[in-house]
Amino acid sequence: MAQHNELGKEGERLAYELLVEKGYKILEQNYRLGKAEVDIIALKEELLIAVEVKTRSTNYFGNPEEFITTKKKQLLVSAINSYVINNDIDVEVQFDIITVLKQKNEFKLEHIEDAFLFF
């Protein structure tokens with residue numbers, strides 16, 4: 001497996017652990033709908049949370065959250081809408097981002113709640 005893929009998987013694992021520590025109930029990981037993928041789908045109180053995890057080895061070219069394009073947001077919305085419909089869920093949806101930045105041998109995580117709105 002390519003090194004960047006391994007880094008991404010490690011970032012998703014760390015994000016998962018962070019959410020569990022914060023009391024989120026993890027419903028799905030890597031939920032796919034066509035080209036769309038939601039890294040983590042979680043439930044917290046009365047919110048369904050779609051979490052995009054962005055892992056980088058450097059922020060030299062920008063912060064990890066800056067790499068989430070409008071197209072990626074559209075795909076996330078499409079996938080989570082499908083999930084809600086297929087599972088007959090009636091809750092408010094929130095989109096969060098967890099950034100994971102590897103600095104030397106340590107990982108710095110930031111959880112950005114309600115990171116973007118989409119209409």
*Going by heavy atoms in the side chains, are E46 and E92 under 4.5 Å from each other?*
no
_Salt-bridge present (E110, K108; N to O < 4.0 Å)_ = no
*Determine the minimum heavy-atom distance between A36 and L75, stating which atoms define it.*
CB-O, 3.2 Å
*Is I89 reachable from V38 through a run of hydrophobic residues whose side-chain heavy atoms are each under 4.5 Å from the next?*
yes
*asked:* I'd like to know if L33 and V53 are part of one continuous hydrophobic network [Ile/Leu/Val/Met/Phe/Trp/Tyr, side-chain heavy atoms within less than 4.5 Å].
replied: no
_Test log, rule side chain to side chain contact (heavy atoms under 4.5 Å, CB included), inputs L19 and H111_ = CA-CA 9 Å; L19 291 171; H111 183 184; 3.7 Å; yes
_pair D96-I112: side-chain heavy atoms closer than 4.5 Å_ = no
*Looking at side-chain heavy atoms only, is the closest gap between Q94 and E113 below 4.5 Å?*
yes
*Nearest 0.5 Å, what's the CG-NZ distance between L14 and K9?*
13.5 Å
*Would you indicate whether D90, at its atom CG, is surrounded by more than 12 heavy atoms from other residues, nucleotides or ligands within a distance under 6.0 Å?*
no
*If you take all heavy atoms of A42 and Y24, which pair is closest and at what distance?*
CB-CD2, 4.0 Å
*Minimum heavy-atom distance between I98 and L109, given as atom pair plus value*: CG2-CD2, 4.3 Å
*Verify whether one side chain among E28 and N30 offers a donor that lies under 3.5 Å from an acceptor in the other.*
no
_SB check R13 E10 (cutoff 4.0 Å)_ = yes
*How far apart are the C-alpha atoms of F95 and L76, what are their side-chain angles, what is the distance that settles it, and do they pass the side chain to side chain contact (heavy atoms under 4.5 Å, CB included) test?*
CA-CA 9 Å; F95 295 90; L76 285 168; 4.2 Å; yes
*asked:* Quiz question: by atom type and distance under 3.5 Å, do the side chains of Q29 and D39 form a donor-acceptor pair?
replied: no
*Indicate yes or no: at least one non-hydrogen side-chain atom of T69 is less than 4.5 angstrom from one of K73.*
no
*Quick one: does E12's side chain get under 4.5 Å of I40's, heavy atoms only?*
no
*Considering only heavy atoms from C-beta outward, does the side chain of I80 approach that of I41 to under 4.5 Å?*
yes
*Carefully, step by step, assess L101 and F107 under the rule side chain to side chain contact (heavy atoms under 4.5 Å, CB included).*
CA-CA 6 Å; L101 187 61; F107 289 91; over 6 Å; no
_On a heavy-atom basis, which atom in K22 and which in K44 lie closest, and how many Å separate them?_
O-NZ, 2.6 Å
*Does the side chain to side chain contact (heavy atoms under 4.5 Å, CB included) test come out yes or no for L48 and Y83, once each step is laid out?*
CA-CA 10 Å; L48 185 69; Y83 183 83; 4.1 Å; yes
